[in-house]
There are 2 protein chains.
Amino acid sequence: MRLSRYFLPTLKENPAEAQIMSHRLMLRAGLMRQSSAGIYSWLPLGYRVLKNIEQIVREEQDRAGAVELLMPTIQSADLWRESGRYDDYGKEMLRITDRHDREMLYGPTNEELITDIFRSAVKSYKDLPLNLYHIQWKFRDEIRPRFGVMRGREFLMKDAYSFDIDKEGARQAYNKMFVAYLRTFDRMGLKAIPMAADTGPIGGDMSHEFIVLADTGESEVFCHKDLVAMDPPDAGIDYESDLQPLINQRTALYAATDELHDESEFNKIPESDRLTARGIEVGHIFYFGTKYSASMGAVVTGPDGKDVPVEMGSYGIGVSRLVGGIVEACHDDNGIIWPDSVAPFSVGLINLKSGDTGTDNECEAIYAELTNRGFSVLYDDTDERAGAKFGQMDLIGLPWQLIVGPRGLKSGVVEVKRRDTGKREELSREAAMNLIAA
Amino acid sequence: MRLSRYFLPTLKENPAEAQIMSHRLMLRAGLMRQSSAGIYSWLPLGYRVLKNIEQIVREEQDRAGAVELLMPTIQSADLWRESGRYDDYGKEMLRITDRHDREMLYGPTNEELITDIFRSAVKSYKDLPLNLYHIQWKFRDEIRPRFGVMRGREFLMKDAYSFDIDKEGARQAYNKMFVAYLRTFDRMGLKAIPMAADTGPIGGDMSHEFIVLADTGESEVFCHKDLVAMDPPDAGIDYESDLQPLINQRTALYAATDELHDESEFNKIPESDRLTARGIEVGHIFYFGTKYSASMGAVVTGPDGKDVPVEMGSYGIGVSRLVGGIVEACHDDNGIIWPDSVAPFSVGLINLKSGDTGTDNECEAIYAELTNRGFSVLYDDTDERAGAKFGQMDLIGLPWQLIVGPRGLKSGVVEVKRRDTGKREELSREAAMNLIAA
């Protein structure tokens, strides 16, 4: 993409309304723009990041056997009356009356609608297990939206719903999502630690929040420091195998958000192994049994010929929130430092003297070759001064910068800079390409 | 994808509520399910088609130089007051009051919001031309939603908006989209003919609807039959070249919807060249000048230092409507016949005797090989009877069927069936693979 034909409205000043780092940087780097309180337009650069994150989430859901569909944003109030939540949900639900005075709502979550889809189509245990997910915009009318996408009103979420004949099946479904989540966040360059979460009236041990550690996180978390060092499950993991030992290994060590923190339990860990940090919730997995299937009549016939309500769980990932979460975890004083897997472009190509035949030709050649090799490139072909170009490129945080100027070209080199380490090298064009491709 | 682990709730009977073919077939083939009047959930098979169509639209927009972003679904009423449309729009606009009693709405279109984004960031003619698009869900509260996705309330649309310093620039932007649309619909296996459309108070010749011919189309259209035979522009077309001659060639021959039809003009065509057919509108491109930029103050400084409101156009494609449009154009008595480019899976693999070691092994080998070669495969590994499998596979309309049974295996062959021609061949596994890959 040539910057001269792109739409990248970066800001020079810190926006006054932004209180936290990710909000500031997302506005300054031209990733998004507020359209009204807690509602954002995703500008081209930000949208590319959002799509990359979405795609990683999708691939890992698919790998774990979940099946994608798409439910609409607008739902009928009637379904929510069946589950009893229409009156319970309160003002966070955006309620709408259509032209025929029917009560509708903008879905804040989808348990009712997916249960309705399920009960209309599935009648027998033979069609189970089933895990259905979608990645869809949702709306929660937060009383005080703030922190940019971290607590917005319209937000993108992946929510999966599992259906099983019994609790043992539900546990297997839960374990698959547990493993998928470990892989998902790791692929985005994040350290996400599963922490036991409230199970409410359901009880048991099947509720975990996945917390990303970041100095500027929203809440305090406490865990054994070995959890931070654990590697994610391998891509080749067999999701049909018994995943319980892996889950046990991940849940044996102490980890808790401040909500469930137990100081005396925490203090049983040797002091040098205790980690107190700030965290951001990016996912939540939750077994809720027959809460919706019983009230909404989602029953299947079991092997014994008797109808039973299905056992369900739900599994959420805050996709738009993750953009903010990654910025919180990955930035320095100069701007964002995107992990390679989610970066909007892999390479920022800077022409230090646009209009000069030598640098123009070299840049065009590099641009063509990188593109042919499958790299996404943002080519700064504008006539801004060098300092502004460097500043903007650091701000938007592409993993690689490739800087082409007349002086270097005289000695046959271009400069390659890695954004995360800051390391710079002067290399021949070919060597620069190979470094980036390595 | 193994059918036993998929979610494909096909229906045996024609749903009573569906009056047109695409609606019937989309429900029967398990592509979607109504959640409330004019609002649908996209089931896994249908969602794959929708994503394929969306991706073709995206690729051709990108190729033509448009830049993707994403605006939210919920907008503030204030912007619509600036343009004067908040009061004008009527009951088709879904109006919403949030918890703080602010007036909001579910966007039926995005001229106001994109103009707001533009004016906040672009100040000079040097940043033009610019064409920004998004593919986003929209809502129009149709008084009588019907015909499935053809006239639904929540629908997916691609809308692009061009910004130019003068009318000549706007014409170039218009021509690019004109060409992109010809390519887009052709890639989906559709014959879409541009037909002059109403320009309202703007006047001129820059408004075209793109109409897909289908026997079951919603309205009558009239055109010179040579228009149907024209090839689409080549993928390598230079969008920066002068596209006017191509546009002239496509607009010289008579083509009109019944709205603008002029019988006396039509009768000037030799009778044997006159085509009267049914059509479905799938796209609309439209130059509207400074209608929004003037009222909303979206001005840029021109080369002469003076501020002028930008010249704008908008370019829509009904992405979810296209699913219905393609089904209307591509089906037979047995079901849907997906064009290869949008098919949810390329190959349907039918195991005629699941549980038999021979057919199971052969199917597994074929499934693995096709997947490795990059084909998407729906593998019917269920224990349904053969007739039901054949019927369902015809109904869902995958381009290729590969049928594996014990009798064929004895003679070392599998059966390959092409859905559109109905042609069947008994071939060795390798020959079958090569036929599909050809």
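In what follows, chains carry the letters A, B, and so on, assigned in the order in which the sequence lines appear, proteins first and then strands, with residues in each chain numbered from 1.
- Taking 4.0 Å as the cut-off between side-chain N and carboxylate O, A/E82 and A/R119 count as a salt-bridged pair.
- At a 4.5 Å heavy-atom cutoff, the contact between B/M104 and chain A is made by side-chain atoms alone.
- Note: B/L70 leads B/T382, B/L69, B/L70 in heavy-atom pairs under 4.5 Å with chain A.
- Heavy-atom distances place both the backbone and the side chain of B/E92 under 4.5 Å from chain A.
- Under the 4.0 Å criterion applied to side-chain N and carboxylate O atoms, B/D98 and A/R153 are assigned as salt-bridge partners.
- The main-chain N or O of A/R321 is never found under 3.5 Å from a side-chain atom of A/R151 such that the two would form a donor-acceptor pair.
- When each of B/I117, B/L43, B/D62 is checked for heavy-atom pairs under 4.5 Å with chain A, B/I117 comes out on top.
- Salt-bridge check for B/R81 with B/D87: failed, with every basic side-chain N at 4.0 Å or more from each acidic carboxylate O.
- Most heavy-atom pairs under 4.5 Å with chain A: of the set B/S41, B/A37, B/G30, B/S35, this distinction falls to B/S41.
- The part of B/R102 that comes within reach of chain A is its side chain, from C-beta onward, which places non-hydrogen atoms under 4.5 angstrom from that chain.
- Interface summary for chain A: among B/I96, B/I74, B/V67, the most heavy-atom pairs under 4.5 angstrom belong to B/I74.
- The contact between B/T97 and chain A is made entirely by backbone atoms, counting heavy-atom distances below 4.5 Å.
- For the options B/I39, B/T73, B/D116, heavy-atom pairs under 4.5 Å to chain A are most numerous at B/T73.
- Side-chain N or O atoms of B/K138 include one that pairs as donor or acceptor with a backbone N or O of B/Q136 at under 3.5 Å.
- If you measure heavy-atom distances from B/K51 to chain A, the contacts under 4.5 Å come from the side chain alone.
- Only the side chain of A/L113 comes within contact range of chain B, judged by heavy atoms closer than 4.5 Å.
- Ionic pairing of A/E364 and A/R2 is present here: one or more N-O contacts between side-chain nitrogen and carboxylate oxygen are shorter than 4.0 angstrom.
- Comment: A/R58 engages A/E54 in a salt bridge, judged by a side-chain N to carboxylate O separation of less than 4.0 angstrom.
- No part of B/L128 comes within reach of chain A, as not one of its non-hydrogen atoms sits under 4.5 angstrom from that chain.
- Only the side chain of B/S36 comes within less than 4.5 Å of a heavy atom in chain A; its backbone stays farther off.
- B/E68 touches chain A through backbone and side chain together, each having a heavy atom under 4.5 Å away.
- Counting heavy-atom pairs under 4.5 Å between each of B/G46, B/P129, B/P44 and chain A puts B/P44 at the top.
- In terms of heavy-atom pairs under 4.5 Å with chain B, the best-connected choice from A/W137, A/Y106, A/Y6 is A/Y106.
- With hydrogens and angles ignored, the 3.5 Å screen pairs a side-chain donor or acceptor of A/H134 with a backbone N or O of A/M71.
- Residue contact with chain A, scored on non-hydrogen atoms closer than 4.5 Å, involves the side chain of B/L130 exclusively.
- Side chains of B/S354 and B/D383: a donor-acceptor N/O pair is absent below 3.5 angstrom, by distance only.
- Of the possible polar contacts, none joining the B/Y89 side chain to the B/L94 backbone as a donor-acceptor pair under 3.5 Å is found.
- Both the backbone and the side chain of B/R99 have a heavy atom closer than 4.5 Å to some heavy atom of chain A.
- The existence of a salt bridge linking A/E240 and A/K176 is confirmed by a sub-4.0 Å separation between a basic side-chain nitrogen and an acidic carboxylate oxygen.
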